[in-house]
Amino acid sequence: MSKFTENKSPDFFFLVYEIVRCIPRGRVSSYGAIAKAIGSKASRQVGMAMNFSHGVQPPVPAHRVVNRIGVLTGKHHFSDPGAMQRQLEEEGIRVVNDKVQNFEQVFWDPLKEINL
DNA sequence: CAGCTGACAAAGA
DNA sequence: ATCTTTGCCAGCT
């Protein structure tokens, strides 16, 4: 286990940021996968961390984090609701009706990619 | 100080 | 297959 797992403290947000920043361009991840990567099941707090990521440095690609079915649940929390979908499409991810198409193809699993 | 909320997910019925 | 319940834990009221 790396610097991730083995943690369940206020660093939760920080760990979430680390994982999210590792998401490659053109890929997306889910709250649960990120939470699991940290060693927790608090997928809700992952969303909270995203909400807190406004002004965080380096910037966190929160637009690449969606729920487990690929729906852009948090697009309303962005400066502009449409920005999330626009950025995803710009990265090659097709989004229709606030839902990521080919989700299983663009899905990026931190546990599988980071801790190898 | 105590309870409720929430960018979710997995298990039970 | 859908609906309901529980866990999760920081932040707010």
Side-chain angles (χ1 to χ4, degrees):
Chain A
M1 303 338 190
S2 315
K3 47 203 167 177
F4 301 120
T5 61
E6 227 33 72
N7 191 304
K8 46 180 168 174
S9 266
D11 294 312
F12 192 96
F13 282 28
F14 179 74
L15 294 171
V16 170
Y17 298 149
E18 289 285 280
I19 303 282
V20 175
R21 282 189 295 227
C22 288
I23 300 175
R25 188 173 172 281
R27 289 282 188 74
V28 295
S29 189
S30 64
Y31 302 99
I34 294 166
K36 211 174 286 188
I38 299 169
S40 202
K41 305 173 191 111
S43 43
R44 290 182 170 171
Q45 274 51 273
V46 176
M48 270 189 173
M50 298 293 91
N51 195 1
F52 227 76
S53 68
H54 291 291
V56 176
Q57 220 172 42
V60 179
H63 60 275
R64 292 183 191 147
V65 183
V66 296
N67 67 1
R68 76 162 185 93
I69 57 178
V71 176
L72 283 56
T73 45
K75 71 168 197 172
H76 263 228
H77 295 262
F78 279 76
S79 317
D80 291 310
M84 189 174 183
Q85 177 171 338
R86 199 187 72 248
Q87 285 178 88
L88 288 172
E89 294 224 312
E90 190 174 317
E91 296 185 356
I93 300 172
R94 282 192 287 189
V95 179
V96 179
N97 195 13
D98 299 335
K99 181 173 168 209
V100 176
Q101 303 301 295
N102 306 319
F103 180 61
E104 297 194 10
Q105 287 181 30
V106 296
F107 180 70
W108 182 81
D109 188 345
L111 279 175
K112 191 175 179 180
E113 300 293 330
I114 293 179
N115 192 21
L116 43 80

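Heavy atoms only: backbone and side chains are in, while hydrogens, waters and symmetry mates are out. Order of the sequence lines fixes the chain letters, A, B, ..., with proteins taken first and strands second; residue numbering starts at 1 for each chain.
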Participant: Please confirm whether the backbone N or O of A:Trp108 pairs with a side-chain atom of A:Arg27, one donor and one acceptor, at under 3.5 Å?
Facilitator: no
Participant: Expressed in angstrom and rounded to an integer, what is the separation of A:Gln45 atom CD from C:dG7 atom P?
Facilitator: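 Distance, rounded to whole Å: 15 Å.
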Participant: Rounded off to whole Å, could you give me the OH-to-C1' distance for the A:Tyr17 and B:dA7 pair?
Facilitator: 12 Å
Participant: Can you confirm whether A:Arg94 is buried at CZ, in the sense that more than 12 heavy atoms of other residues, nucleotides or ligands lie under 6.0 Å from that atom?
Facilitator: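 Counting other residues, nucleotides and ligands, CZ of A:Arg94 stays at 12 neighbours or fewer.
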Participant: Kindly compute the distance separating CZ (A:Arg25) from CD (A:Gln87), expressed to the nearest 0.5 Å.
Facilitator: 10.5 Å
Participant: To the nearest Å, how far apart are A:Asn67 CG and C:dC8 P?
Facilitator: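 That distance rounds to 21 Å.
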Participant: Which of these, A:Val16, A:Thr73, A:Val20, sits in a side chain to side chain contact (heavy atoms under 4.5 Å, CB included) with A:Val65?
Facilitator: A:Val20
Participant: Counting just side-chain N and O atoms, does A:Ser43 come under 4.0 Å of either OP1 or OP2 of B:dA7?
Facilitator: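 For A:Ser43, the contact criterion (side-chain N or O under 4.0 Å from OP1 or OP2 of B:dA7) is not met.
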Participant: Taking the same atom, C1', in B:dA7 and in C:dT4, what whole-Å distance lies between them?
Facilitator: 22 Å
Participant: Output the rounded distance in Å from CZ (A:Arg68) to C1' (B:dA9).
Facilitator: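 To the nearest whole Å, that distance equals 7 Å.
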Participant: Other residues, nucleotides and ligands only: do more than 12 of their heavy atoms fall within 6.0 Å of CD on A:Glu90?
Facilitator: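 No, because the 6.0 Å sphere around CD of A:Glu90 holds 12 heavy atoms or fewer from other groups.
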Participant: Keeping the roles fixed (side chain from A:Gln85, backbone from A:Ala83), state whether a donor-acceptor pair exists under 3.5 Å.
Facilitator: no
Participant: Any residue in residues 72-83 of chain A with a heavy atom nearer than 4.0 angstrom to DNA chain B? Just list them by number, or reply none.
Facilitator: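 Result for residues 72-83 of chain A: A:Thr73, A:Gly74, A:His77, A:Phe78, sorted by number.
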Participant: Below 4.0 angstrom, which residues in residues 87-103 of chain A have at least one non-hydrogen atom near DNA chain B?
Facilitator: none
Participant: CD of A:Glu113 to CD1 of A:Ile19: how many Å apart, nearest 0.5 Å?
Facilitator: 11.5 Å
Participant: Mark yes or no for whether A:Asp109, through its side chain, and A:Leu111, through its backbone, hold a donor-acceptor pair below 3.5 Å.
Facilitator: yes
Participant: Once you round it to whole Å, what is the distance between C1' of B:dA10 and OH of A:Tyr31?
Facilitator: 17 Å
Participant: Taking the side chain from A:Tyr17 and the backbone from A:Ala49, do they hold a donor-acceptor pair closer than 3.5 Å?
Facilitator: yes
Participant: Could you grab the distance from atom CD of A:Glu18 to atom CD1 of A:Ile34, nearest 0.5 Å is fine?
Facilitator: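 A:Glu18 CD to A:Ile34 CD1: 12.5 Å, rounded to 0.5 Å.
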Participant: Taking atom P of C:dG11 as reference, at what distance in whole Å does atom CE of A:Met48 sit?
Facilitator: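 Taking atom P of C:dG11 as the reference, CE of A:Met48 is at 8 Å.
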Participant: Output the rounded distance in Å from NZ (A:Lys41) to C1' (B:dA11).
Facilitator: 12 Å
Participant: Near DNA chain B, counting only heavy atoms under 4.0 Å, which residues of residues 50-58 of chain A show up?
Facilitator: A:Met50, A:Asn51
Participant: Roughly, in whole Å, what's the span from CE in A:Met84 to P in B:dA7?
Facilitator: 13 Å
Participant: NE2/A:His76 to CE/A:Met84 distance, rounded to the nearest 0.5 angstrom?
Facilitator: 11.5 Å
